[in-house]
Visitor: 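Quick one: this structure, given as structure tokens, is what I'll be asking you about.
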Amino acid sequence: QVQLVESGGGLVQAGGSLRLSCAASGRTFSMYVMGWFRQAPGKEREFVAAIRRAIGDTYYTDSVKGRFTISTDNAKTTAFLQMDSVKPEDTAVYYCASGPFRSDYYRPTSYNYWGQGTQVTVSS
């Protein structure tokens, strides 16, 4: 089992920055990829970004490219999501996820483990 705990959410003004963290524990060797998803009220959970732990390849949804950056610490057990130039449409609960790397890494069903989520609210 892998346990994921997100932190760093909060209220931020449009144009500002926020940094989310996802601390992993347990069988972390099984985490080939770590990803971030978000879910706004009334909407489906959507892919935001992912990183392959072994080689560092990163993937982003188009709406956050150039604004968000996913990374890990040296131990590769904590993932970060640096959110810059945030917009009101970035408001959502952000979830960390991990699992094996699959070609459809953008689907929630590709991930085995999930955190409890952290709220991000962007005011206009």
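Hydrogens, waters and symmetry mates play no part in the numbers below; they use all other heavy atoms, side chains included.
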Visitor: Donor-acceptor pair, Thr91 side chain versus Val122 backbone, under 3.5 Å?
Guide: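 Pair found, side chain donor or acceptor close to backbone of Val122.
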
Visitor: Would you say Trp36 and Phe68 make side-chain contact, with heavy atoms under 4.5 Å?
Guide: no

Visitor: Compare every heavy atom of Ser17 with every heavy atom of Asp84, then report the nearest pair and how far apart it is.
Guide: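 The answer is OD1-OG, 2.7 Å.
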
Visitor: Could you tell me whether a side-chain N or O of Tyr60 sits under 3.5 Å from a main-chain N or O of Ile70, the two making a donor and an acceptor?
Guide: yes

Visitor: Can you check whether Asp73 reaches Phe80 side chain to side chain, under 4.5 Å on heavy atoms?
Guide: yes

Visitor: Is there side-chain contact between Met83 and Leu20, with at least one heavy-atom pair below 4.5 Å?
Guide: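 Result yes, sub-4.5 Å side-chain heavy-atom pair found.
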
Visitor: Regarding Lys87 and Asp90, does a basic nitrogen lie under 4.0 Å from an acidic carboxylate oxygen?
Guide: no

Visitor: Taking transitive links into account, so neighbours of neighbours count too, which hydrophobic residues share a cluster with Ile55 at under 4.5 Å side-chain distance?
Guide: none

Visitor: Is the number of heavy atoms from other residues, nucleotides or ligands within 6.0 Å of CD (Gln13) greater than 12?
Guide: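 At most 12 heavy atoms, drawn from other residues, nucleotides or ligands, come within 6.0 Å of this atom.
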
Visitor: Has the side chain of Arg45 got a donor or acceptor atom that lies under 3.5 Å from a matching backbone atom of Tyr95?
Guide: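 Checked: no pair found.
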
Visitor: Please check if the number of heavy atoms outside Arg107 that lie under 6.0 Å from its CZ is greater than 12.
Guide: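 12 or below, so no.
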
Visitor: When the ring centroid of Phe101 is compared with that of Tyr59, is the distance short of 6.0 Å?
Guide: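 Centroid separation for Phe101 and Tyr59: below 6.0 Å.
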
Visitor: Testing the basics here: between Gly117 and Glu6, what is the closest heavy-atom pair and its distance to 0.1 Å?
Guide: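 The answer is N-OE1, 2.9 Å.
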
Visitor: Considering the options Tyr105, Tyr106, Tyr94, which one meets the ring pair (Phe, Tyr, Trp, His ring centres under 6.0 Å) requirement together with Phe47?
Guide: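 Only one of Tyr105, Tyr106, Tyr94 forms a ring pair (Phe, Tyr, Trp, His ring centres under 6.0 Å) with Phe47, namely Tyr105.
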
Visitor: Over all heavy atoms of both residues, which pair between Arg38 and Ala92 is shortest? Give the atoms and the distance, please.
Guide: CB-CB, 3.8 Å

Visitor: What are the two closest heavy atoms between Val2 and Ser98, and how far apart are they?
Guide: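 Residues Val2 and Ser98, closest heavy atoms: CG1-OG, 3.9 Å.
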
Visitor: Determine the minimum heavy-atom distance between Val120 and Gly9, stating which atoms define it.
Guide: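 Heavy atoms only, the tightest pair is CG2-CA, 4.2 Å.
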
Visitor: Ignoring hydrogens, what is the shortest heavy-atom contact between Ser85 and Arg67? Give both atom names and the distance.
Guide: O-NH1, 3.0 Å

Visitor: Would you say Val48 and Met34 are hydrophobically clustered, going by side-chain heavy atoms of ILVMFWY under 4.5 Å?
Guide: yes

